[in-house]
Amino acid sequence: LRKNLEDFTGPRERSDLGFVTFDITADILNGKKCIFDWNVKQLFLYLSAEYSTKNNALNQVVLWDKVMLRGDNPKLFLKDMKSKYFFFDDGNGLKGNRNVTLTLSWNVVPNAGILPLVTGSGHVSVPFPDTYETTKSY
Amino acid sequence: CRGSAMDLFGDLRRMNKRQLYYQVLNFAMIVSSALMIWKGLIVVTGSESPIVVVLSGSMEPAFHRGDLLFLTNFHDDPIRAGEIVVFKVEGRDIPIVHRVIKVHEKGNGNIKFLTKGDNNEVDDRGLYKEGQNWLEKKDVVGRARGFLPYVGMVTIIMNDYPKFKYALLAVMGAYVLLKRES
């Protein structure tokens, strides 16, 4: 699972807003078996950013999500994706934050039964710059 | 052979008071046991409503109207992005089943989070109370841990067609009261 990205931040009102572009290369498996067994109806995949700020000990923001139905290819090869949702911080904790971690996780939706949340192995750290972008080039 | 309606009247006349009371007690026991099981589930899961029916299509294609969800609400379970929570907006009775997309947790354990239905374009801020931007732990009824498709449709039909509900109750009541132990 590998992701590369570039980013810059811009203030909106009084909260930091981060912009992230990313690539996702992933192969979703269940241990060594195919993830789509007889009782898996679909997967809900989501890319979340997790980080700490002065304001909040833990922050998690979902940047992107996708429904993967049974029958779809479990291998993902996405490039230059923009985040689906605005990456607002609760405060100004993105500026200069070197420790924002992106992980890919998924919710297994069975035909009937338990609904587990699984986090993929592999994650990437996104360091945010110390200054705000003033030109809108996103 | 006599018709079934005649049989029914025959049964009723033959039943004396003692048998009637016995049947009523039987019925009451069944109802009490069901209630006890429900209360037991509330205690074991920590949720005030451990089984809920999905009422809208806002979580499709994962859940559809009529699906049944099983919830837990353990106090020590942290709320994390990606989890499916059932919550109630302050002042409203209807539980909503959506996914957590943002979490901000302070060092002292204070959590505020934002939800969104998978099938909705926008987050749930429009559903919250006027001026409310975040949900808190107290708004949570439970976390969805398991699900059964279609089974909850019975509840929805009973809600939308009250005559069906009464007919069902009448049939169940008649069966229990008239069933005779051999």
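Everything quoted here is computed from the prediction, not taken from an experiment. All chains are named by letter (A, B, ...) in the order of the sequence lines, taking the proteins before the strands, and each is independently numbered beginning at 1.
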What part of [X] gets within 4.5 angstrom of chain B, counting heavy atoms only: side chain, backbone, both, or neither?
{"X": "A:Asn55", "result": "both"}
{"X": "A:Val61", "result": "both"}
{"X": "A:Leu69", "result": "side chain"}
{"X": "A:Tyr51", "result": "side chain"}

Heavy atoms of other groups near [X] [atom1], more than 12 under 6.0 Å:
{"X": "B:Tyr166", "atom1": "OH", "answer": "no"}
{"X": "B:Asn108", "atom1": "CG", "answer": "yes"}
{"X": "B:Lys39", "atom1": "NZ", "answer": "no"}
{"X": "B:Glu90", "atom1": "CD", "answer": "no"}
{"X": "B:Leu35", "atom1": "CG", "answer": "yes"}

Among [options], residue most engaged with chain B (heavy-atom pairs, under 4.5 Å):
{"options": "A:Pro116, A:Ala57, A:Ala49", "value": "A:Ala57"}
{"options": "A:Asn59, A:Val62, A:Leu115", "value": "A:Leu115"}
{"options": "A:Glu50, A:Lys41, A:Lys84", "value": "A:Lys41"}
{"options": "A:Gly113, A:Pro110, A:Ser48", "value": "A:Gly113"}

With chain A, which of B:Gly107, B:Pro78, B:Gly82 has the greatest number of heavy-atom pairs at distances under 4.5 Å?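 The answer is B:Gly82.
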With the 4.5 Å side-chain cut-off for hydrophobic clustering, are [X] and [Y] part of the same group?
{"X": "B:Leu69", "Y": "B:Leu41", "result": "no"}
{"X": "B:Met153", "Y": "B:Phe147", "result": "no"}
{"X": "A:Trp64", "Y": "A:Val118", "result": "yes"}
{"X": "A:Trp106", "Y": "A:Phe36", "result": "yes"}
{"X": "B:Val86", "Y": "B:Phe113", "result": "no"}

Distance (rounded to the nearest 0.5 Å) between [X] [atom1] and [Y] [atom2]:
{"X": "A:Leu58", "Y": "B:His104", "atom1": "CG", "atom2": "NE2", "value": "9.5 Å"}
{"X": "A:Leu117", "Y": "B:Arg145", "atom1": "CG", "atom2": "CZ", "value": "8.0 Å"}
{"X": "B:Lys102", "Y": "A:Phe86", "atom1": "NZ", "atom2": "CZ", "value": "9.0 Å"}

Can you find a side-chain donor-acceptor pair between A:Tyr85 and B:Lys116 that sits under 3.5 Å?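 Note: A:Tyr85 and B:Lys116 side chains meet the donor-acceptor criterion.
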What part of B:Ile84 gets closer than 4.5 Å to chain A, counting heavy atoms only: side chain, backbone, both or neither?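 The answer is the side chain of B:Ile84.
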Side chain from CB out, backbone as N, CA, C, O: work out which of these in B:Arg143 comes under 4.5 Å of a heavy atom of chain A, or both, or neither.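 Neither part.
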Applying the side chain to side chain contact (heavy atoms under 4.5 Å, CB included) criterion to A:Gln60, which one of B:Val100, B:Val103, B:Ile101 satisfies it?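 Output: one option passes, namely B:Val103.
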Between B:Lys112 and A:Asp90, is there a side-chain N and carboxylate O pair less than 4.0 Å apart?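 Looking at A:Asp90 together with B:Lys112, the answer is yes, because their closest N to O distance falls below 4.0 Å.
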